[in-house]
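One structure is given here, and the rest of the page talks about it.
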Amino acid sequence: MILTRPQPKSFHVKSFGCQMNVYDGDRMSELLTGEGMVATTSDAADLVVLNTCHIRERAVHRVYSEIGTLKREDGTRPMIAVAGCVAQAEGAEVAKRAREVDIVVGPQAYHRLPELVTAARSGKAAIDTDMPILSKFGALPVRSKGQRTSAFLTVQEGCDKFCTYCVVPYTRGAEVSRPFGAILDEAKALVDGGAREITLLGQNVNAWDDNGIGLHGLAVALDKIPGLARIRYMTSHPNDMTQGLIDAHRDVEKLMPFLHLPVQSGSDRILKAMNRSHSRDSYLQLLDRVRAARPDIALSGDFIVGFPGETDADFEDTLSLVAEVRYAQAFSFIYSPRPGTPAATMCDQIPKEVMGERLQRLQAVINTQQHAFNVASVGTQTNILIERAGKLPGQMLGKSPWMQSVHIVQPGIVVGDLIDVAITAAGPNSVTGTPPEKRKAA
Ligand code: SAH
Ligand code: SF4
Ligand code: F3S
């Protein structure tokens, strides 16, 4: 192989997708740093990695328009790698559709990025969308110093559920759980590297298992790591929510009182067409059990509006479910037909205007609930983890145990601090925290 292009010395990774996609982006950065490359901005980098998402059509469009912007004023462009779920779903098509692309690498193959960079130096596109049984995790370097205060840790990947609208089972492959020991080692390395909170990630994270330990057993083990203050997990599937995990919300001190449990629709008819394999009632009963174990738990969900065949009555069922649950926050999306999924060819696709109208109505209800949740916390005392500087001078931003963004102005606070505050004001998207000293002085 004749290498006509120079070895890239600097890189930039841009992630477009979910938390797991962000995790993959971090790991690719650490891998490239280990190869002697330096992280820099997109404009200056010799290698730009676009870590893509395939979940909705718009996410895919963003990537192709991003590729167009990578051309520089002098006519040159960086080496371009398309990683992530678009790479997996479209494979070699990516390099055909966008000729600038040098590397296409799927989410289960990115540990081979350095070899692919070398191959691409020959001037020919290098493509790797294998899904090896032997996991990439063993081939990646150990986690480095300088981790995020709130770090992600993938424990489970892939999905066997095959909801009829969803690409994840095709882009991430079958459900695989990482071994207990490897997860524990990575968690310790993250904490050594500066993390105080770890969010365990999986497409169905609560399906994680290693010899019957289960996610609750993993939480118990992580609870014992000194220096780790908080444990979270996402995303869960209602059918994998065991009593052990529910009880862990009562018994495991560091496990935060927050549960993201997508339901997608409040209509049994639509849930069936989605192949969700749970009903409206089974979901609501599950939440009753969760609330019995941990009464202050904050709930979050995902919703899709405009699934094929969704009638006004089906949508009203979704609204009434939301009213019944009272979410602390929730995500809602317009249904996006995805190539190769069963729902994409179902008849009765819903007109765009109807979907838009439904989304607005649903989001209005969710926003009201989120605001009410924030207002209800005013007057309480809690503990926040400082994650970053705020927009205003002297302002810092932290998270409450219930995932609320908390603004605080207090000299001397730094990222990674855990501090006690009183919640003194609430807005739709955040609350204000006041530290104890200030309250005494006032
Ligand atoms: N494994 C998780 C998350 C999957 S993707 C789960 O089962 O919930 C995150 C969210 O994107 C989903 O919960 C769903 O609400 C949304 N989503 C997935 N496919 C979609 C599609 N084709 N159109 C619109 N939203 C979709
Ligand atoms: Fe997609 Fe359903 Fe699997 Fe979630 S459970 S990743 S929505 S197929
Ligand atoms: Fe997107 Fe892949 Fe995550 S499709 S949501 S980046 S698993």
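What's counted below: heavy atoms across the whole structure, side chains too, no hydrogens, waters or symmetry copies. None of these values were measured; they are calculated from a predicted model. All ligand and atom numbering here is 1-based and tracks the order in the structure.
The single protein non-hydrogen atom nearest to atom 7 (O) of ligand 1 is R276 NH1, 3.7 Å, given as residue, atom name and distance. Given atom 2 (Fe) of ligand 2, the protein heavy atom at minimum distance is C163 SG, 2.2 Å. For atom 8 (O) of ligand 1, the closest non-hydrogen atom on the protein side is P262 CG, 3.0 Å. For atom 4 (S) of ligand 3, the closest heavy atom belonging to the protein is H54 N, 3.2 Å. Nearest protein neighbour of atom 3 (Fe) of ligand 3, counting heavy atoms only, is C18 SG, 2.3 Å. Nearest protein heavy-atom contact of atom 23 (N) of ligand 1 is S336 N, 2.9 Å. From the protein, the heavy atom lying nearest to atom 24 (C) of ligand 1 is I334 O, 3.3 Å. Looking only at heavy atoms of the protein, atom 1 (Fe) of ligand 2 is closest to C166 SG, 2.3 Å. Nearest protein heavy-atom contact of atom 3 (Fe) of ligand 2 is C159 SG, 2.2 Å. Nearest to atom 5 (S) of ligand 1 among the protein's heavy atoms is I55 CD1, 3.5 Å. Nearest protein heavy-atom contact of atom 7 (S) of ligand 2 is Y165 OH, 3.3 Å. The protein atom (non-hydrogen) at minimum distance from atom 20 (C) of ligand 1 is Y165 CD1, 3.7 Å. Among protein heavy atoms, the minimum distance from atom 4 (Fe) of ligand 2 is reached at R276 NH1, 4.4 Å. The protein non-hydrogen atom at the shortest distance from atom 10 (C) of ligand 1 is D302 OD2, 3.4 Å.
Side-chain polar atoms of D209 and S177 form no donor-acceptor pair below 3.5 angstrom. With 3.5 Å as the limit, one finds no donor-acceptor pair spanning the side chains of E310 and S267.
Within 6.0 Å of CD on E316 lie more than 12 heavy atoms contributed by other residues, nucleotides or ligands.
Under the 4.5 Å side-chain criterion, counting only non-hydrogen atoms from C-beta, L50 is in contact with L70. Residues E35 and L113 have side chains not in contact (no heavy-atom distance under 4.5 Å, counting atoms from C-beta outward). In this structure the side chain of P257 reaches within 4.5 angstrom of the side chain of W402, judged on heavy atoms. Side-chain contact between D302 and Q264: present, with at least one pair of heavy atoms (C-beta onward) separated by less than 4.5 Å.
Within the 4.0 angstrom cut-off, atom 12 (C) of ligand 1 has one or more protein heavy-atom neighbours.
Side-chain atoms of Q156 come within 3.5 Å of backbone atoms of N204 as a donor-acceptor pair (strictly under, hydrogens ignored). A side-chain donor-acceptor contact under 3.5 Å links T52 to the backbone of V86. The backbone N or O of D223 lies less than 3.5 Å from a partner atom in the side chain of K254, making a donor-acceptor pair.
If you number the atoms of ligand 3 from 1 as listed, the ones under 4.0 Å from a heavy atom of C53 come out as 1 (Fe), 4 (S), 5 (S), 6 (S). Atoms of ligand 3 found under 4.0 Å from any heavy atom of C85 (numbered from 1 in listed order, with element): 2 (Fe), 4 (S), 6 (S), 7 (S). Atom numbering of ligand 3 starts at 1 in the shown order; those under 4.0 Å from a heavy atom of Q203 are 7 (S). Listed by number with element, the atoms of ligand 2 under 4.0 angstrom from any heavy atom of F162 are 8 (S). Within ligand 2, the atoms closer than 4.0 Å to a non-hydrogen atom of N204 are 5 (S), numbered from 1 in the order shown. In summary, the atoms of ligand 2 found under 4.0 Å from a heavy atom of H237, numbered by their order in the structure, are 5 (S). For ligand 1 and Y335, the ligand atoms under 4.0 Å from any heavy atom of the residue are 23 (N), 24 (C). Close contacts between ligand 1 and R56 involve ligand atoms 11 (O), 16 (C), 17 (N), 23 (N), 24 (C), 25 (N), 26 (C) [criterion: under 4.0 Å to a heavy atom].
In this pair, H249 and Y233 present their aromatic rings tilted. The plane angle is within the 30 to 60° band. Classified by interplanar angle (parallel below 30°, tilted 30° to 60°, perpendicular above 60°), the ring pair F137/Y23 is tilted. Ring planes of Y165 and F307: perpendicular class, angle over 60° (limits at 30 and 60°).
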Requested in this report: Given ring-ring contact (aromatic ring centres under 6.0 Å, His included), test F303 with Y327 step by step and report yes or no.
Outcome: CA-CA 12 Å; F303 294 89; Y327 289 94; 5.6 Å; yes
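At least one N or O atom of Q203 sits closer than 3.5 Å to an N or O atom of ligand 1.
Between Q349 and P308, the shortest heavy-atom contact is NE2-CG, 3.6 Å.
For the pair M20 and ligand 3, no heavy-atom separation below 4.0 Å is found. Using a 4.0 Å heavy-atom cutoff, V168 is absent from the residues neighbouring ligand 1. Distances shorter than 4.0 angstrom do not occur between any heavy atom of V167 and any atom of ligand 1.
The only member of R172, Q88, E157 that meets side chain to side chain donor-acceptor pair (under 3.5 Å) when paired with Q108 is E157.
By the criterion of a heavy-atom distance under 4.0 Å, the side chain of P169, and not its backbone, is placed next to ligand 2. Only side-chain heavy atoms of Q264 come within less than 4.0 Å of ligand 1; its backbone N, CA, C and O stay farther off. When heavy-atom distances to ligand 1 are checked against a 4.0 Å cut-off, F333 comes that close only through its side chain, counted from C-beta outward.
Taking the centre and axis of the six-membered ring of Y64, the NZ or CZ atom of R97 falls inside the cone set by 45° and 6.0 Å.
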